[in-house]
Amino acid sequence: MRHRSDPHLRSDAQRNRERILEVALTELSRAADTPLSTIAKKAGVGQGTFYRNFPNRETLVLELYRHGVQQIADSASELLETMEPDQALRAWMDHLARFAMAKAGLAEAIRLALSTSSGKKPGHTSVTDAAGLLLHACEEAGTIRPGITADDFMLAIAGLWQLTPHDDWQPQATRLLDIVMDGLRTGAPGRRGPSGRSGPR
């Protein structure tokens, strides 16, 4: 039997939790009233394991939303470690589009959870902070126009939340985000021309 402090035990528990969240996102996006027993079965965990992690539907749904927000926030710095700032920003925008579609798919489940609990839907502060991190890195690199704030950016991409997950949303999202990215690059002091050299500053 493993000791409580055994890191393997902790990693097993973490994998179970992440697997539950992964399955729950898919199932609750399809049907907000999907039985929790169905989610547990498809996640390959027992009822006891499931309820230790998520004692009720409301806890599961709100954690699913919070988890998604945190993943988006964390991905900003991860992308900056492996890409140029403007490439990282554009890739992050794609992540944000997928999150927006997941959120839209969960809208009914979130509404039901909030209507039967005293909990509050997690805010987007960490996402806005992540946008600010990427924008600052791009401005420092001279690849976007100066002075763009995270609030400006979030307003510019607000059209994402008008798309519906049941339509062919990806081409629309790509077009919207490319337009926003082109706008951010217009007037960038270090914007690269066709020759690959930096333009005049």
Side-chain angles (χ1 to χ4, degrees), residues 14 17-18 21-22 24-26 28-29 61-107 110 120-201:
Q14 183 63 27
R17 184 178 180 83
E18 290 176 356
L21 290 170
E22 179 185 335
L25 175 60
T26 299
L28 292 173
S29 294
V61 172
L62 295 179
E63 174 58 19
L64 190 58
Y65 186 87
R66 188 207 66 76
H67 183 70
V69 168
Q70 194 58 51
Q71 281 188 316
I72 291 295
D74 291 345
S75 68
S77 56
E78 293 166 5
L79 289 167
L80 282 171
E81 290 175 1
T82 58
M83 296 180 175
E84 292 298 317
D86 58 335
Q87 295 173 342
L89 175 60
R90 184 62 187 83
W92 187 77
M93 289 160 73
D94 285 335
H95 289 339
L96 193 58
R98 288 191 289 273
F99 171 70
M101 293 302 97
K103 178 189 171 188
L106 285 172
I110 293 169
K120 294 192 303 180
K121 186 170 69 173
H124 284 95
T125 302
S126 58
V127 173
T128 304
D129 290 345
L133 175 70
L134 287 157
L135 291 168
H136 178 72
C138 288
E139 185 170 337
E140 287 288 299
T143 53
I144 65 169
R145 63 194 300 171
I148 303 296
T149 69
D151 288 338
D152 294 334
F153 174 81
M154 298 306 287
L155 284 172
I157 62 165
L160 285 176
W161 278 265
Q162 303 303 313
L163 304 179
T164 58
H166 306 298
D167 295 333
D168 186 15
W169 63 268
Q170 288 183 310
Q172 290 179 294
T174 297
R175 178 173 167 77
L176 170 67
L177 296 178
D178 282 346
I179 290 169
V180 171
M181 197 70 211
D182 286 346
L184 291 172
R185 286 180 171 134
T186 299
R191 186 181 181 189
R192 294 182 181 276
S195 65
R197 292 174 298 184
S198 296
R201 292 180 179 271

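Along the sequence shown, the residues carry numbers beginning at 1.
- Contact check for Phe153 versus Thr128: no side-chain heavy atoms found under the 4.5 Å cut-off.
- Side-chain contact between Gln71 and Phe99 is absent, with no heavy atoms from C-beta onward closer than 4.5 Å.
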What's the verdict on side-chain contact (heavy atoms from CB on, under 4.5 Å) for Arg90 and Asp178, showing C-alpha distance, side-chain angles and the deciding distance? CA-CA 8 Å; Arg90 184 62 187 83; Asp178 282 346; 2.9 Å; yes

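- In this view, Asp129 satisfies the salt bridge (charged side-chain N to carboxylate O under 4.0 Å, His left out) rule with no residue, not counting sequence neighbours.
- Taking both residues in full, the closest heavy atoms of Leu79 and Ala88 are given as CD1-O, 3.7 Å, listed atom of the first, atom of the second, then distance.
- Note: Leu64 CG to Glu22 CD = 11.0 Å, rounded to the nearest 0.5 Å.
- Atom-to-atom distance recorded for Thr26:OG1 and Leu106:CG is 9.5 Å, nearest 0.5 angstrom.
- Minimum interatomic distance between Pro85 and Leu80 (heavy atoms only, all atoms of both residues): CA-CD2, 3.9 Å.
- A pairwise comparison of heavy atoms in Thr186 and Asp182 identifies OG1-O, 2.9 Å as the closest pair.
- Salt bridge absent: Arg98 and Asp94 never bring a charged side-chain N and a carboxylate O closer than 4.0 Å.
- Rounding to the nearest 0.5 Å places CD1 of Ile110 at 6.0 Å from OH of Tyr65.
- Closest approach of Trp161 to Leu96, counting heavy atoms only: CH2-CG, 4.2 Å.
- Closest heavy-atom contact between Ala131 and Met154: CB-SD, 4.4 Å.
- A distance of 14.0 Å separates OG1 of Thr174 from CE of Met181, quoted to the nearest 0.5 Å.
- The CD atom of Glu78 lies 9.0 Å from the OG1 atom of Thr82; values are rounded to the nearest 0.5 Å.
- Looking at heavy atoms from C-beta onward, Met93 lies in side-chain contact with Leu89 at the 4.5 angstrom threshold.
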Distance-only donor-acceptor hits, side chain of residues 133-142, under 3.5 Å, sequence neighbours excluded:
{"unit_1": "Glu139", "atom_1": "OE1", "unit_2": "Gly147", "atom_2": "N", "d": "3.3"}

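- The main-chain N or O of Ala73 is never found under 3.5 Å from a side-chain atom of Trp92 such that the two would form a donor-acceptor pair.
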* To do: Run the numbers on Asp86 and Leu184 for side-chain contact (heavy atoms from CB on, under 4.5 Å), then give the verdict.
  => CA-CA 10 Å; Asp86 58 335; Leu184 291 172; over 6 Å; no

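- Shortest non-hydrogen contact noted between His95 and Ile72 is O-CD1, 3.3 Å.
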